[in-house]
2 protein chains.
Amino acid sequence: MNEEEAAALFGALSNADRLRVIRALVEAGPDGLNAGDIADKIEASPSRASFHLAALSESGFILRERKSRSLYYRVDFERIGGLLTFLMDDCCNGSPQLRNCCNS
Amino acid sequence: MNEEEAAALFGALSNADRLRVIRALVEAGPDGLNAGDIADKIEASPSRASFHLAALSESGFILRERKSRSLYYRVDFERIGGLLTFLMDDCCNGSPQLRNCCNS
DNA sequence: ATATTATTTCAAGAATCATTGAAATGAAAG
DNA sequence: CTTTCATTTCAATGATTCTTGAAATAATAT
């Protein structure tokens, strides 16, 4: 991962609606949630929710799968972790001061 | 920290120039670097560098101090760590899957 | 086949963010 | 006290992102 890529990924996290989507999907667990329920949970119109789901999906933070009529989304923790690792190790040179945040 | 705040902080990280600034300051260590040297290092004009320094400064990721004619900047690891902690604990409910990224 | 449900896509407009170069500020030196 | 050096601020412009509501697509049920 280079700086351009990482910047784009941070961009995907730089929106409150999208952080709420992630929280909702984390709470829902491995089965995930369908687009309609996500829209309800973050209190956004279907098209607005869809816009933010697309952003998170394109960045790889969430994965989707069709189940009958509905599209279910779930979190990809590996991808989120990968970005945090980039920040801690590449950008911040493995600084213990920063890595410590994981144990607090 | 709430989602709006966190989103704004991720926004401050969502730019390649700004990630390069952070890397340069981490490499420079606790003494930091002055604005001109930062501009040189990230290959940006003074005003462009200043714009990005202001964004990082307003978000609290970097601190500045005048030394004679120059303004020196340095990283605030606590602030960066605070954002990562928010993401891991608040957004992602302390998921071990995500917290593991710190040990990899 | 047609209707219903779930979701996305699209176009238009509004809002935010980034870049540029010129002018303004602040501190120090001659 | 004027000049120089370091940096920021500003205005203009361009680029990107977000929101809205309407239309399109995809799967299922009647």
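We name chains A, B, ... by the order of the sequence lines, and we start the count at 1 in each one.
- When the side chains of ILVMFWY residues are joined at heavy-atom separations under 4.5 Å, either directly or via intervening members, I42(B) and F10(A) end up in a single hydrophobic cluster.
- One interatomic measurement links the two molecules: CD of E4(A) to P of dA18(C), which rounds to 13 Å at whole-angstrom precision.
- Contact check, Y73(B) against dA6(D): no side-chain N or O comes under 4.0 Å of OP1 or OP2.
- Checking the phosphate oxygens (OP1, OP2) of dT19(D), a side-chain nitrogen or oxygen of H52(A) falls inside 4.0 Å.
- The separation between F10(A) atom CZ and dA18(C) atom P is 15 Å, rounded to whole Å.
- A sub-4.0 Å separation between OP1 or OP2 of dA6(C) and a side-chain N or O of N34(A) is absent.
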Tabulated below should be each protein N or O lying under 3.5 Å from an N or O of nucleotides 20-28 of chain C; please produce it.
| residue | atom | partner | partner atom | Å |
| --- | --- | --- | --- | --- |
| dG21(C) | O6 | S47(B) | OG | 3.2 |

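- A 4.5 Å side-chain heavy-atom check between F61(B) and L13(B) finds at least one atom pair inside the cut-off.
- Within the 4.0 angstrom heavy-atom criterion, only backbone atoms of the sugar-phosphate kind lie near S70(B); the bases stay farther away.
- Counting to the nearest Å, the P atom of dT7(D) and the CD1 atom of I62(B) are 13 Å from each other.
- Checking the phosphate oxygens (OP1, OP2) of dA18(C), a side-chain nitrogen or oxygen of N15(B) falls inside 4.0 Å.
- Counting heavy atoms from C-beta on, the side chains of R64(B) and L53(B) never come closer than 4.5 Å.
- Per the geometry, CG belonging to L53(A) stands 15 Å off C1' belonging to dC18(D), to the nearest Å.
- Between R74(B) and L25(B), every side-chain heavy-atom pair lies at or beyond the 4.5 Å cut-off.
- Residue pairs meeting the side-chain hydrogen bond (donor to acceptor under 3.5 Å, both in side chains) criterion with at least one member in residues 6-25 of chain A, sequence neighbours excluded: D17(A)-R20(A), D17(A)-R48(A), D17(A)-H52(A), R18(A)-H52(A), R20(A)-E4(B), R23(A)-E3(B).
- As rounded to whole Å, 10 Å separates atom P of dT7(C) from atom CG of L33(A).
- Look at CG on L9(B): it is 16 Å from C1' on dC17(C), rounded to the nearest Å.
- Summarising the geometry, the separation between CD on E65(A) and P on dA27(D) is reported as 14 Å, rounded to the nearest angstrom.
- Closest approach to the L71(B) side chain among dT7(D), dT19(D), dT8(C) is made by dT7(D) (side chain taken as heavy atoms from C-beta onward).
- Residue pairs meeting the side-chain hydrogen bond (donor to acceptor under 3.5 Å, both in side chains) criterion with at least one member in residues 78-95 of chain A, sequence neighbours excluded, are D89(A)-R99(A).
- At least one side-chain heavy atom of L9(A) sits less than 4.5 Å from a side-chain heavy atom of M1(A).
- To the nearest angstrom, P of dT17(D) lies 14 Å from CG of L13(A).
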